[in-house]
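Everything on this sheet refers to the single structure shown next.
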Amino acid sequence: MKDTVYLLIKVVIDTNYRNIQDAIDDVQRNTIYTVMDSKNVKVIDSKIMDLRTKRK
């Protein structure tokens with residue numbers, strides 16, 4: 001059975017950026033993550049979903 005599962009990842013940051021959106025963009029561009037297969041599940045694809053926040 002092929003399906004889509006959404007995983008939520010909590011990331012606590014400390015940043016020198018004045019605008020939180022800049023920090024979010026930086027994290028989204030530079031994060032390296034691994035989602036591995038298990039005995040019963042083959043991971044076909046994964047990506048970080050863009051977090052779209054309002055710029056002030």
Side-chain angles (χ1 to χ4, degrees):
M1 169 180 73
K2 183 176 176 181
D3 208 341
T4 301
V5 176
Y6 293 91
L7 303 175
L8 179 65
I9 300 171
K10 177 181 176 181
V11 179
V12 178
I13 65 168
D14 182 16
T15 181
N16 291 325
Y17 285 113
R18 294 182 57 90
N19 183 320
I20 192 63
Q21 183 62 46
D22 293 334
I24 292 168
D25 290 344
D26 193 326
V27 169
Q28 288 182 161
R29 271 193 323 275
N30 295 304
T31 296
I32 298 171
Y33 66 95
T34 304
V35 181
M36 299 174 61
D37 295 345
S38 71
K39 178 181 174 185
N40 297 310
V41 177
K42 178 179 175 148
V43 176
I44 298 170
D45 188 27
S46 66
K47 70 176 185 173
I48 295 177
M49 305 302 291
D50 287 336
L51 178 61
R52 301 183 195 278
T53 59
K54 294 180 182 177
R55 287 202 181 256
K56 292 184 179 182

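Values in this document were obtained by computation on a predicted structure and should not be read as measured data.
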Closer than 3.5 angstrom, by distance alone: can the side chain of Y33 be matched with the main-chain N or O of S46 as a donor-acceptor pair?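 Yes: the side chain of Y33 pairs with the backbone of S46.
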Please give me the minimum heavy-atom distance between Q28 and M49, naming the atom from each residue.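 Residues Q28 and M49, closest heavy atoms: OE1-O, 3.5 Å.
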What closest approach, in Å, do V43 and M36 show between heavy atoms, and which atom pair accounts for it?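 Looks like CG2-O, 3.5 Å.
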Could you go through the side-chain contact (heavy atoms from CB on, under 4.5 Å) check for K10 and L8 one step at a time? CA-CA 7 Å; K10 177 181 176 181; L8 179 65; over 6 Å; no
Within 6.0 angstrom of R29 CZ, more than 12 heavy atoms from elsewhere: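 Atom CZ in R29 is crowded, with more than 12 foreign heavy atoms closer than 6.0 Å.
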Measure the CD1-CD1 distance between I48 and I32 for me, rounded to the nearest 0.5 Å.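 That separation rounds to 9.5 Å.
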Against V27, only a single residue in N30, D25, T31 fulfils side-chain contact (heavy atoms from CB on, under 4.5 Å); can you say which?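 Per the side-chain contact (heavy atoms from CB on, under 4.5 Å) rule, the option paired with V27 is T31, out of N30, D25, T31.
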Find out if a path of hydrophobic residues (ILVMFWY) with successive side-chain heavy-atom gaps under 4.5 Å connects I13 to I24.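 I13 and I24: one cluster.
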